[in-house]
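Written below as structure tokens is the structure these notes are about.
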2 protein chains.
Amino acid sequence: MEDILTLQKKIIPEMTEILEKRYNILRNIYYNEPIGRRTLAGNLGIGERIIRTEVNILKKQGLLEIKSVGMNVTEDGKIIIDQLKGFIHKLKGLTNLEESLQQKLKIKKIIIVPGDFDKDDFIKKDVGKTAAEFIKNTIKDNNIIGITGGSTMASVADAMPYNTKLKDILVLPARGGIGRNVEMQSNNIAARLAKRLDGSYKLLHVPDNINKEALNTLLQVEEIRELVDMLKKMNALIFGIGRADVMAKRRKLSEELLTDLLNKGAVAESFGYYFDIDGEIVRESSTVGITLDDFKKIKTVIGVACGSEKAKAIKAISSLKKDIVLVTDEGAAKEILNMVK
Amino acid sequence: MEDILTLQKKIIPEMTEILEKRYNILRNIYYNEPIGRRTLAGNLGIGERIIRTEVNILKKQGLLEIKSVGMNVTEDGKIIIDQLKGFIHKLKGLTNLEESLQQKLKIKKIIIVPGDFDKDDFIKKDVGKTAAEFIKNTIKDNNIIGITGGSTMASVADAMPYNTKLKDILVLPARGGIGRNVEMQSNNIAARLAKRLDGSYKLLHVPDNINKEALNTLLQVEEIRELVDMLKKMNALIFGIGRADVMAKRRKLSEELLTDLLNKGAVAESFGYYFDIDGEIVRESSTVGITLDDFKKIKTVIGVACGSEKAKAIKAISSLKKDIVLVTDEGAAKEILNMVK
DNA sequence: ATACTAGGGACTATTTTTGTCCCTCTTGTT
DNA sequence: AACAAGAGGGACAAAAATAGTCCCTAGTAT
């Protein structure tokens with residue numbers, strides 16, 4: 001198997017790029033169908049005519065259909081996309097990349113999805129799908145699963161297939177809601193994930209960054225205390241990884257605090273904590289939810305993040321726990337490798 | 001494995017021809033090294049410039065070297081050629097072709113080598129090599145092996161690797177020598193094969209087509225009788241398949257006999273017999289050697305022939321014996337399939 | 001009704017590929 | 001020693017493929 005690929009790469013070195021080009025086109029159509037030639041060309045940053053040529057080949061192969069409303073992927077095409085994903089993974093040597101990163105970061109497992117989110121927005125969907133698949137195969141009946149917020153977590157939840165045959169899954173938001181787009185809040189995402197897993201969920205109606213008094217008051221509330229207790233019994237946590245600076249701005253930290261944070265070397269943010277590159281806590285948001293100690297005790301923790309600009313953040317988070325599972329994209333992975341070299 | 005190939009063929013349909021083109025170039029260089037650009041272009045019937053482009057790619061990949069004496073394949077390249085052979089076999093769906101031909105011809109096994117001898121002389125070498133490999137893996141210590149004459153058998157013998165670790169192999173010429181190029185006579189070929197198998201051989205010094213009286217006299221000779229007896233104990237026979245018309249002319253049969261032969265439907269010639277398309281004997285050369293009855297009793301018989309023009313002859317021979325093994329090329333195989341369809 | 005985006009056609013510009021010839025060098029033969 | 005044959009590399013024009021661009025008509029959603 002591996003032999004065949006090295007063989008092919010030797011004798012047809014140009015194969016990889018052709019394959020990748022067509023894969024990208026097919027995938028992009030799939031995510032946007034029905035889509036027109038020009039829009040697609042814009043998306044991919046390729047000339048309209050090139051799209052046309054490639055699309056004609058793919059059409060001839062029966063992988064897509066061209067109608068007056070636009071192009072769409074056929075059933076055959078969908079199968080191919082799926083198979084191609086794994087194939088490109090091997091072709092690009094991502095398996096090797098995974099192994100070397102696992103060693104360098106000293107973590108249990110890293111899953112790398114081909115592509116770079118910084119160059120292609122749809123990579124987030126792929127990353128989400130990959131993470132969802134891994135989670136599906138990891139969790140068991142009666143498990144309690146925690147999930148954080150953010151767009152990446154949203155794509156994980158939305159990529160989870162229905163009919164997983166899992167029973168009595170309980171999904172919890174790992175932290176209080178962050179005050180922005182409802183769709184991206186952990187509460188909302190937990191509910192969506194629960195629905196797909198045919199399980200139940202509980203909500204945590206607590207704002208971020210409230211003062212200590214208010215926090216203590218909230219913790220008196222039976223409902224909230226119960227949930228916080230349950231959080232400690234969590235079997236698996238799925239969490240997003242953010243850049244410290246980006247998250248601080250999003251949370252509208254004061255200019256003063258932000259500068260302080262960055263001076264202290266904060267590069268990553270996850271479940272309410274800011275970490276420096278070595279995984280040391282730089283700042284802790286005062287909010288209800290999972291704590292770092294809880295985090296370290298959870299059996300399965302799955303961090304998901306994509307885009308090369310998140311490389312530092314991912315590196316930081318990877319030092320928190322040895323048996324962490326990371327799902328990321330090729331862009332981030334390569335950047336991390338550059339850093340640790 | 002099969003999946004990967006169908007996947008690739010779906011998304012990069014042009015891959016097959018690129019691969020075949022480069023394989024042909026590489027192989028041709030290998031068989032002729034050192035060879036120049038223009039000679040190579042002539043061999044393959046491709047433009048000089050195309051060769052140049054392709055050769056540069058292959059050179060870049062480290063598969064061949066270009067020196068002022070000409071081009072030659074590197075060690076890496078040789079490995080690639082070998083791997084490529086099997087790969088192209090699968091890519092071209094020859095495995096399927098083999099299976100359907102085995103069914104249609106109702107024979108034990110057919111091995112098809114990619115390419116067409118009628119278009120590329122070097123295919124005979126490939127066929128020979130493939131047959132030699134099969135034989136090597138089939139025969140056992142102390143076996144008695146028979147081999148006929150002809151250029152195809154010569155390439156089988158010359159492609160047999162040394163150091164087969166087989167012990168006490170005895171190679172016999174299956175029939176008396178045919179009066180042409182010594183190199184292609186069964187005696188000579190038997191000796192060459194024996195040498196490679198680190199075994200012994202015996203010679204059969206009997207001309208083809210002698211009259212009955214002379215034949216009987218010869219059979220009185222102790223040495224010859226002994227050999228003929230040994231022929232009947234043969235464990236394996238490797239034989240070439242010829243076209244009736246071509247062989248008849250080569251043996252200088254009278255115009256009269258030739259016409260008669262063809263009128264009776266002779267299409268194939270092997271070990272002294274002329275057969276029609278159904279494998280019925282049309283004529284028997286009077287000579288010393290293996291008989292059709294002997295042939296039917298031999299455990300392993302391996303027929304080797306290549307080139308689409310031999311399709312009919314191969315088809316005829318295939319009806320002689322159910323557990324025959326045929327080694328041929330793609331050209332002949334496809335032609336046979338057309339015939340039996 | 002209308003504005004928008006779709007695919008297909010068509011033409012040109014550009015790039016790549018291909019054919020060809022020349023030059024010089026190496027090698028084997030005379 | 002001379003020479004012929006065949007080698008690779010350079011160079012360039014012709015040819016072909018590829019790519020950019022715009023137009024046109026047809027559906028679709030508003």
Side-chain angles (χ1 to χ4, degrees), chain A residues 11-74 76-78 119 121-122, chain B residues 11-74 76-78 119 121-122:
Chain A
I11 200 125
I12 314 188
E14 63 267 41
M15 193 183 66
T16 315
E17 57 176 321
I18 301 176
L19 204 77
E20 219 178 326
K21 184 166 66 177
R22 295 195 184 153
Y23 172 65
N24 277 334
I25 292 173
L26 205 56
R27 198 173 53 99
N28 218 295
I29 294 175
Y30 178 57
Y31 283 140
N32 293 290
E33 63 185 16
I35 187 178
R37 203 203 308 145
R38 278 165 277 249
T39 315
L40 184 60
N43 278 355
L44 294 168
I46 316 183
E48 175 194 331
R49 197 50 217 260
I50 299 176
I51 292 287
R52 222 160 146 176
T53 318
E54 298 297 330
V55 151
N56 277 333
I57 295 170
L58 294 173
K59 180 190 167 195
K60 205 173 173 183
Q61 296 299 106
L63 305 181
L64 54 81
E65 288 169 334
I66 303 183
K67 296 174 185 165
S68 56
V69 283
M71 302 174 283
N72 65 285
V73 177
T74 62
D76 273 16
K78 286 175 193 168
K119 288 173 193 155
D121 290 349
F122 286 99
Chain B
I11 200 126
I12 314 189
E14 62 268 42
M15 191 183 66
T16 315
E17 56 175 322
I18 300 176
L19 203 76
E20 221 178 325
K21 184 167 65 178
R22 295 195 183 154
Y23 172 65
N24 278 334
I25 292 173
L26 205 56
R27 196 173 54 99
N28 219 294
I29 294 175
Y30 179 57
Y31 283 139
N32 293 288
E33 62 185 17
I35 188 179
R37 203 203 308 147
R38 277 166 278 251
T39 315
L40 185 60
N43 278 355
L44 294 168
I46 315 182
E48 173 194 332
R49 197 50 218 259
I50 299 176
I51 293 287
R52 220 160 147 178
T53 318
E54 298 297 330
V55 151
N56 278 333
I57 295 170
L58 295 173
K59 180 190 167 195
K60 205 173 173 183
Q61 295 301 108
L63 304 181
L64 54 82
E65 287 169 336
I66 303 183
K67 296 174 187 166
S68 56
V69 284
M71 302 176 284
N72 65 285
V73 177
T74 62
D76 273 15
K78 286 175 193 169
K119 288 175 193 154
D121 290 350
F122 286 100

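Reminder, nothing fancy here: chain letters follow the sequence lines and each chain counts from 1.
- Side-chain proximity of Glu48(B) to the nucleotides dT20(C), dG8(D), dT21(D) is greatest for dT20(C).
- By the neighbour-count criterion of 12 heavy atoms within 6.0 Å, atom NZ of Lys78(B) is densely surrounded, having more than that number from other residues, nucleotides or ligands.
- Between Leu58(A) atom CG and dG7(C) atom P the separation is 14 Å, expressed in whole Å.
- Computed from coordinates, the Ile51(A) CD1 to dT21(D) P distance equals 14 Å when rounded to whole Å.
- The listed nucleotides are dG9(D), dG7(C), dA7(D); the one nearest the side chain of Met71(A) is dG7(C).
- The side chain of Arg38(B) lies closest to dC22(C) when the candidates are dC22(C), dG7(C), dA19(D).
- In this structure, Ser68(A) does not reach the dT28(D) phosphate: none of its side-chain N or O atoms is under 4.0 Å from OP1 or OP2.
- Heavy atoms of other residues, nucleotides or ligands lying less than 6.0 angstrom from OH of Tyr23(A) number more than 12.
- Below the 3.5 angstrom threshold, one finds no donor paired with an acceptor across the side chain of Arg37(B) and the base of dG6(D).
- dA6(C) atom C1' lies 15 Å from atom CG of Asn32(A), rounded to whole Å.
- With rounding to whole Å, Leu44(A) atom CG is found 14 Å from dA19(D) atom P.
- Counting only heavy atoms from C-beta on, Arg49(B) has its side chain closest to dT20(C) among dG9(D), dT20(C), dG8(C).
- Judged by atom type and distance alone, Arg52(B) reaches the base of dG10(D) through a side-chain donor-acceptor pair under 3.5 Å.
- Rounded to whole angstrom, the span from the CD1 atom of Ile66(B) across to the C1' atom of dC25(C) amounts to 15 Å.
- Between the CD1 atom of Ile35(B) and the C1' atom of dG8(D) there is a distance of 14 Å, rounded to whole Å.
- A donor-acceptor pair under 3.5 Å is absent between the side-chain atoms of Gln61(B) and the main chain of Pro13(A), judged by distance alone.
- Side-chain N/O atoms of Thr39(A) include none lying less than 4.0 angstrom from OP1 or OP2 on dT5(C).
- One atom, CD of Glu14(A), and another, P of dT16(C), lie 14 Å apart when rounded to the nearest Å.
- Picking from dG8(D), dA19(D), dT20(C) the nucleotide with the shortest atom distance to the side chain of Thr53(A) gives dA19(D).
- Considering only the side chain of Lys59(A), dG8(C) comes nearest among dT26(C), dG8(C), dG9(D).
- As rounded to whole Å, 11 Å separates atom C1' of dT15(C) from atom CD1 of Ile50(A).
- The pair Glu14(A)-Arg22(B) counts as a salt bridge, with a side-chain nitrogen and a carboxylate oxygen less than 4.0 angstrom apart.
- Place Val69(A) and Glu54(A) on DNA chain D by their nearest nucleotides, and Glu54(A) ends up nearer the 5' end.
- Residues Leu63(A) and Leu26(A) are in side-chain contact: their nearest non-hydrogen atoms beyond the backbone lie under 4.5 Å apart.
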